[in-house]
Each structure stands twice: as C-alpha cells, then as structure tokens.
Amino acid sequence: MSDLLTQAEYQAIAQDLDFPRTAFIDGKYRAGSGATFMTINPATGKDLAEISGCNTADVDFAVSKAREAFEQGHWSKRHPSERKDVLIRLCKLITRNRRELAVMESLDSGKPILDCETIDVPETIHCIKWHAEAIDKIYDQTSPTGDDAISMIVREPIGVVGAVLPWNFPLMMLAWKIGPALAAGCSVIVKPAEQTSLTALRVAELAHEAGVPRGVLQVLPGDGPSVGEPLGLHMDVDMVSFTGSTETGKRFLRYAADSNLKKVVLECGGKNPAVVFDDAEHLDHVAEHVVNAAFWNAGQNCSATSRLIVHKSVKAPLMERIEARLRDWKVGDPLDPGTHIGALIDAEHCKKVRGFLDKADQGEGAFVFPVIYDVSKDDPKARDEIFGPVLCVIETASNDEAIEIANQTDYGLAASVFTANTRQAIRAARDIRAGTVTVNCYGEGDIATPFGGYKQSGFGGRDNGIHAHDQFTELKTIWIDLSDPTSGDHVG
C-alpha cells in the first residue's frame, strides 16, 4: 500500500472524517425506523457518531428492493465481465479512499492503525479483486451421458443474501462476504455489528459509485433483535452468511427452521492449538509465530492460537523466546503506528476477558495487557473461548498426548504444528480436527484457500477461494433429450 504516517498525521485525518450516520438502502443513505445508537471509540470511550438504527420495517423494505433488483436482473443477469468491471472499479475507489477507511476502522474498532493500514484494508481490496477476476473464469460442467442426451451442471446465484458481520474484522469480513456473493450475482443485505458500522456503510456508498445497482448492496445498522433476527426469519431471504459467536450462529439455524429453510453458512468460534513437538527447530521462528497468533488483534480473532501445547523438552527455551518477543509488543493508542495491541471492543467484552485473568491490574480501561498462563488441559482457560490477549500453555510428555489434547475442544477452526519431521507433520495435520492446519507457521492460508471449521466452529460452507463462490450459488442440472422422438427409444 503506502508508507505509514505519524501518529499526529493520523489524528489529523481522524479530526476531518465525515462519518456515515444512516442506513444505505436502495442506492442511498436513508434514516432507519429503529432506535438511534452511539458508535463509540473503544480506546477513548468517547462518542464517534449517532447512528440511525434499523428495525423489521427497514428489513422488509430492503429485502423487497433486493428481490426486485435480483428478479429484474439489474445485477444477477449482467454479463460476468460487466460485473467484474464494476467490482474492479470498487477496488480502485477503496484504494483511493484507503487512508480514510483505515483511520475510520481504527477509531470504530480499537484496532491498531498498523494493522488497518498494512493488513485489513489491503486484504479487503485483494479479496474483492480476487473474486471479481474469478467471475468470468469459473466454468460450469457437463456430465458423461449417452449419445441421446446432454447434461449441463450450472451454478445460479442463490438470490437475496443476508450477511451478518462480526466486530473484530469489519472490513475484511465484509469483503469475505460481498466479494463472492456479488461476484455470483446475488443481492446482498449487510448487517454490520452495532459496534462497528461505519466502514461497511462507507463501502456501500463506494460500491454504488462504482456502478453496483440500487438494491444490490444495502447496509442496515442495528442490533441483533432489530435487524439480525428479522433477516434470519424473513421468508424472502434465500441465505444467511454469519460470522460471529457459536451461540448466535445456532440462533440462525433456528431462524431458518422457523421460516423458509433458507441456507445458512456459519463461521463461528475457536479454541485453536499450536502444537510444538519435541523435535521442533528454529525456536525463534516458532516464538514469532506463536506471539503473532495469540496476540494479534488483541486476541480478538476466531483463529487466534489461544492454546500452546508444547513438549516438556522444548518448553523452557521456547517460553524464554516468547516472553522476550512479547516485550516488543506495545499496548496503547491505536492511532500510534508503533502500537501492536489496541483497545478491546467495548466495556462488556473487557469485563468478560478480565473474568479469566488472575489479577485485576492486568489492564487499564479498554486495554488488557497480554498474559501467559501455565494451565492444565482441563482448566477453563484452556477450554473456553476468551477472545482476548491470553495464551494458555499446556505441557505434554509425548507428541501423541499433544494431538489428543489439541482435539479436546468443541471447536475445530484452525491449528498449527511445529516439527522438523515431515511425516510427523503430515500425520498430525491429518489427525487434528480443524478446518485449517498450518505446519511450521501460523496462518489461515490465503485468498485462494477455503477457510472454515469443524464441529462448533463452522457449518454449511467455506469462505475464500472458489468454494466461497459455490456457497452463494445453487447447483442446477439441465438435462436435454437429443433422441429422435419418432424412433421409439428416446430418453425419458
């Protein structure tokens, strides 16, 4: 992207920002019918903007406009290359406004500007661009048949999609959903987290400027009961894609059962292990990845490595390196480009995270200092998703025990394995029940690799890659009879 600015320069940009304050429905900003609410800077506790919230009436109106746009083919029936061109223009507009979006994201979520500038905004652009470029390069299929028939297997856009976003990666999760959904030809209604509505609203405005037709991308701010539940229960919403807590994800399955059996895709929580075997090499490298995995985004990450399962023979030297590296991670003002750990999202979440801490003085205000605990495999800290800067260390006596402990969780989103033995690495990667397993590193793959979980970490589909396109489409078989109807042996 571009070089980082100084803290004073970011603060100057923040002073000049014009925050969106209403829903984006049918191609323009318009006030919602629900209660207004404040979006707050987590780092300072000060109000950023009063947002006009939405309710069931707004959901009904937005769904009607989304359905109208879909059925009339303003977007769904446009040539794939035309949809691609529009989304490429959106990427250019996000690039042009990248600094505004990065600062807005930092203020609204408490995320370090370092991450917003170098990870979140660039990855948002890259994601939308990748799916845009894939639009006119995804081929459908024909199946093997006899000479008297042709069978076509085609993807069709699923229709009206409700996309429900989390607060921890507002821009990136927006891109993960609207990139493939818009590429597939769907109409999308976004419900951002009420804590972080600003950047989704701004991107919707940019999308309309880029040429996304009215009704095709709409953003409805508001809380779960006011917007999320009506979307989940709506009879004319064809699909909901949700990222967030497992508890809330289960609600959307109930909403689908109680309405039209709409498709539901869930990407939920995690209690992810980093497994370090007795033959792990380059412990400085291991420590770097473990610290990044556990404390990036203040641990507010569903794929965060919150459990370090380490063989006793390498534990002491590894922990020395982890603690030394962690000393370089500054906690403080998110607009300071030297900050690695910003504020937690709100007071309620701070209270939850602090409930797991042994000492009350391990944070100030909305900031929680990173902590490391030695725990047993049955300790609540080692089993519950904390979603904060807390790393639990579990010592093991064997590599087999390490894999067993890694799987002792209701979740199965991500895991890492560190070993010098290739056979052992592949065996461990197969044995760990998780949607993504990295070897000798931490990560989630890249935009081309599917991301999602096993067990209570996920359901119904995968983000990223071609698999993300597939989840926003219906698969149709078209069977064409080529036999001669006068011969008496035509195919039925």
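Note that the structure is predicted; figures quoted are calculated from it, not measured. No hydrogens, no waters, no symmetry mates; every other heavy atom, side chains included, goes into these values.
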Is Arg383 atom CZ crowded by more than 12 heavy atoms from other residues, nucleotides or ligands, each under 6.0 Å away? yes
Exactly one of Asp238, Ile158, Val154 clears side chain to side chain contact (heavy atoms under 4.5 Å, CB included) with Glu474, and that residue is Ile158
In short, Asn464 meets Asp446 closest at the heavy-atom pair ND2-O, 4.0 Å
**Asked** Distance under 6.0 Å and angle within 45° of the ring axis: does Lys111 meet both against Phe169?
**Response** yes
task = Check whether any side-chain heavy atom of Val121 sits under 4.5 Å from a side-chain heavy atom of Leu171, and report yes or no.
result = yes
inquiry  = With side chain to side chain donor-acceptor pair (under 3.5 Å) as the criterion, how do Thr339 and Asp333 come out once you've worked through the C-alpha distance, each side chain's angles and the decisive distance to 0.1 Å?
reply    = CA-CA 7 Å; Thr339 293; Asp333 182 0; over 6 Å; no
Exercise for review: Using a strict 4.0 Å threshold on nitrogen-to-oxygen distance, state whether Glu348 and Lys351 make a salt bridge.
Suggested key: no
query = Counting heavy atoms not belonging to Lys476, are there more than 12 under 6.0 Å from its NZ?
reply = no
### Query
When you measure from the side chain of Thr6 to the backbone N and O of Glu9, does any donor-acceptor pair fall under 3.5 Å?
yes
Thr409 versus Arg433: any side-chain heavy-atom pair under 4.5 Å? no
For Gln456 and Thr246, does a side-chain donor sit closer than 3.5 Å to a side-chain acceptor? no
>> Quick check against the 3.5 Å criterion: does Asn97 have a side-chain atom that pairs as donor or acceptor with the backbone of Glu100?
In response: no
Check: Ser33 side chain, Cys54 main-chain N or O, donor-acceptor pair, under 3.5 Å:
no
- Does Ala414 offer a backbone N or O that forms a donor-acceptor pair with the side chain of Asn272 under 3.5 Å? yes
| request: For Phe367, look at atom CZ and say whether over 12 heavy atoms of other residues, nucleotides or ligands are found less than 6.0 Å away. | output: yes
Between Ser151 and the options Ile480, Ile478, Thr477, Thr142, the side chain to side chain contact (heavy atoms under 4.5 Å, CB included) test singles out Thr477
Here the pair of heavy atoms bringing Pro221 nearest to Leu201 is CD-CD2, 4.3 Å
- Measure the shortest side-chain to side-chain distance between Lys271 and Ser306 over non-hydrogen atoms and say whether it is less than 4.5 angstrom. yes
ask   = For Glu444 and Thr436, does a side-chain donor sit closer than 3.5 Å to a side-chain acceptor?
value = no
| task | Establish, from distance only, whether the side-chain atoms of His234 and Asp60 form a donor-acceptor pair under 3.5 Å. | result | yes
Scanning both residues in full, the closest heavy-atom pair of Tyr442 with Asn292 reads CD2-ND2, 4.0 Å
Going by atom types alone, do Asp108 and Thr196 pair a side-chain donor with an acceptor below 3.5 Å?
no
Looking only at heavy atoms, the pair that brings Leu413 and Gly270 closest together is CB-CA, 4.5 Å
Discussion item. Tell me whether the count of non-hydrogen atoms from other residues, nucleotides or ligands lying under 6.0 Å of CG in Asp47 goes above 12.
Written reply: yes
Less than 4.5 Å apart, any side-chain heavy atom of Asp115 and any of Trp296? yes
| Quick one: does Gln218's side chain have a donor or acceptor within less than 3.5 Å of a partner on Asp26's backbone? | yes
(request) Evaluate whether atom NZ of Lys263 has more than 12 neighbouring non-hydrogen atoms of other residues, nucleotides or ligands under 6.0 angstrom away. (result) yes
- Task: Verify the distance criterion only: is there a donor paired with an acceptor across the side chains of Ser241 and Lys177 at less than 3.5 Å?
- Result: yes
Paired with Val103, the side chain to side chain contact (heavy atoms under 4.5 Å, CB included) test is passed by just one of Leu5, Ile113, Asp16, namely Ile113
Please verify the inter-ring angle class for His131 with His469; under 30° counts as parallel, over 60° as perpendicular, anything in between as tilted. tilted
Do Phe24 and His208 make a side-chain contact, defined as non-hydrogen atoms from C-beta onward lying under 4.5 Å apart?
yes
